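The structure under discussion appears below in the form of C-alpha cells.
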Amino acid sequence: MRELQDQGRQWSRHAARYDDLFLDAFQPGVVNPVLGMLDAVPEPGRKTVADLGCGVGPLLPHLVGRFGRVIALDFAPGMIAHAQARLGPDAERVTFETRPMHDLEHLAGQLDVAVAINSIVMPDVRVIDRTLRAIRASLAPGGVFLGVVPSVDAIQYHTMLLLDQALDRGLTPEEAERSAAFHAEHHYYDFAFGRFAFRGLRQKFWQSFELEHRLTKAGFSAVELDRVLYPWDENLACGADLAQYPQSWDWAFRARVS
Ligand SMILES: C[S@@+](CC[C@H](N)C(=O)[O-])C[C@H]1O[C@@H](n2cnc3c(N)ncnc32)[C@H](O)[C@@H]1O
C-alpha cells in the first residue's frame, strides 16, 4: 500500500507537465483501435463506462455525450484536477473518483465498459492481478474491458532500428550498441521483468503474451490483442530517420466478461 500511495503522489507531481513527458495514445497521427472498439459498443446511451486511470483525461471527450453514465477514476488527485479543468463545463457530466483501481467493490457488476489507457502499469504484478480481478468484478455479464498497455517489445524494436542505423554510419558493433542504448534510453528500463523507472515513477511495460496471460488469469474471456501505432515523429528518438519502417506500438486489447 505504501508503494501505491507513493506512486499516486508521483503521478500527481507529474500531472502539470504530463503532455510534455508521455506519449498520448489519442493525439492526431496515432492509430488507436480502442476508438473503433468504443464505437462498436451498441446502444452506448444506455450504458455505463469507466475510464480507469483517466490521467489528465484525453479519453473523456470521446465518452461524454455518447455514454449514458461516465465515471473517471484515478488515484492521483493532481491528475483528476487536471482532467476536470481540461473538460471545462463537461466535467459536470462525469463522476470523478479519486481511488486506486483495485478498489472497485462499490461498482460491482455495474459497468458495461471499462477502459484503461496506459494505466495498468503498477510495478508489482500482485497489484496488477488484484486490479484485473477487481475490474472483472465491476463489469456486468457481457461487459467489455478495453485498453492499452505500454509495450516493452516496441522498445526493443526501436533499439534494433537504431543499432542498424548506427552500424550503417560506420560505427563498430560496440559503439553502435552504446549509441542505440543511449538514444532508446535503456537506463530507464529493466527488460527482463518489463519495468520502467523515470523521475520517481515506476511502471510496468508489457509483452503481448503477459497481457493475454494476466487477462485470462483474472477470468476474462475472448481476449483479443491489437496495436496502437505511433508515428515516427519527434516524440521518438531519431524518429524522422526511421519513417520508412513499420511504426512503433503499444498493445491494445479487448476482453469480455461472460
Ligand atoms: C500513463 S498515465 C495514463 C493516463 C491516461 N489514461 C492517458 O491515456 O493519458 C497512467 C495513469 O494511471 C494512473 N494510475 C496508475 N496506477 C493506478 C492505480 N493503481 N489506481 C488508479 N490510478 C492509477 C496514474 O495516476 C496516471 O494518471
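Keep in mind that this is a model prediction, so the values were computed, not measured. Worth knowing before you read on, the calculation uses all heavy atoms, side chains too, and leaves out hydrogens, waters and symmetry mates. Residue numbers run from 1 in the order of the sequence given. Both counts, for ligands and for their atoms, begin at 1 and track the order of listing.
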Check your understanding: Which is closest to atom 7 (C) of ligand 1 in terms of heavy atoms, Pro150, Pro58, Gly55?
Key ->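 Among Pro150, Pro58, Gly55, the closest heavy atom to atom 7 (C) of ligand 1 belongs to Pro58.
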
Atom indices of ligand 1, in the order listed, that fall short of 4.0 Å to a heavy atom of [X]:
X	result
Cys54	5 (C), 6 (N)
Ala76	25 (O)
Met122	16 (N), 19 (N)
Pro100	20 (N), 21 (C)
Arg99	21 (C)
Asn118	1 (C), 2 (S), 3 (C), 10 (C)

Less than 3.5 Å between some nitrogen or oxygen of [X] and one of ligand 1, yes or no?
X	answer
Asp74	yes
Ile117	yes
Val121	no

**Study point:** NZ/NE/NH1/NH2 to OD/OE distance under 4.0 Å, Lys47 and Glu43
**Key:**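 So Lys47 does not pair with Glu43 through a salt bridge.
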
Which residue supplies the protein heavy atom nearest to [atom], what is that atom called, and how far is it?
atom	result
atom 12 (O) of ligand 1	Ser119 CB, 3.3 Å
atom 14 (N) of ligand 1	Phe75 CE2, 3.4 Å
atom 2 (S) of ligand 1	Tyr18 OH, 3.2 Å

Review point. Between Trp206 and His213, is the gap from one ring center to the other below 6.0 Å?
Key: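 Judged by ring-centre distance (under 6.0 Å), Trp206 and His213 do not meet the cut-off.
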
Where on [X] is there a heavy atom closer than 4.0 Å to ligand 1, on the side chain, on the backbone, on both, or on neither?
X	value
Ala25	neither
Met101	both
Trp11	side chain

Practice item. Identify the two heavy atoms, one from Met79 and one from Ser12, that lie closest to each other, and give their separation to 0.1 Å. Key: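 In this case the closest contact between Met79 and Ser12 is N-OG, 4.4 Å.
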
Exercise for review: On the 0 to 90° scale, with breaks at 30° and 60°, tag the Phe191-His186 ring pair as parallel, tilted or perpendicular.
Suggested key: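 Answer is perpendicular, since the angle exceeds 60°.
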
Review point. Hey, is CZ on Arg126 packed in by over 12 heavy atoms from elsewhere, all under 6.0 Å?
Key: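 Open.
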
Check your understanding: Does Glu92 CD have over 12 foreign heavy atoms under 6.0 Å away?
Key ->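 12 or below, so no.
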
With heavy-atom distances below 4.5 Å as the criterion, would you say the side chains of [X] and [Y] are in contact?
X	Y	value
Pro33	Met37	yes
Asp24	Val30	no
Cys54	Ile80	yes

Point to revise | Full working for salt bridge (Lys or Arg N to Asp or Glu O under 4.0 Å) between Asp39 and Arg66 | key: CA-CA 9 Å; Asp39 285 345; Arg66 178 172 165 74; 3.8 Å; yes

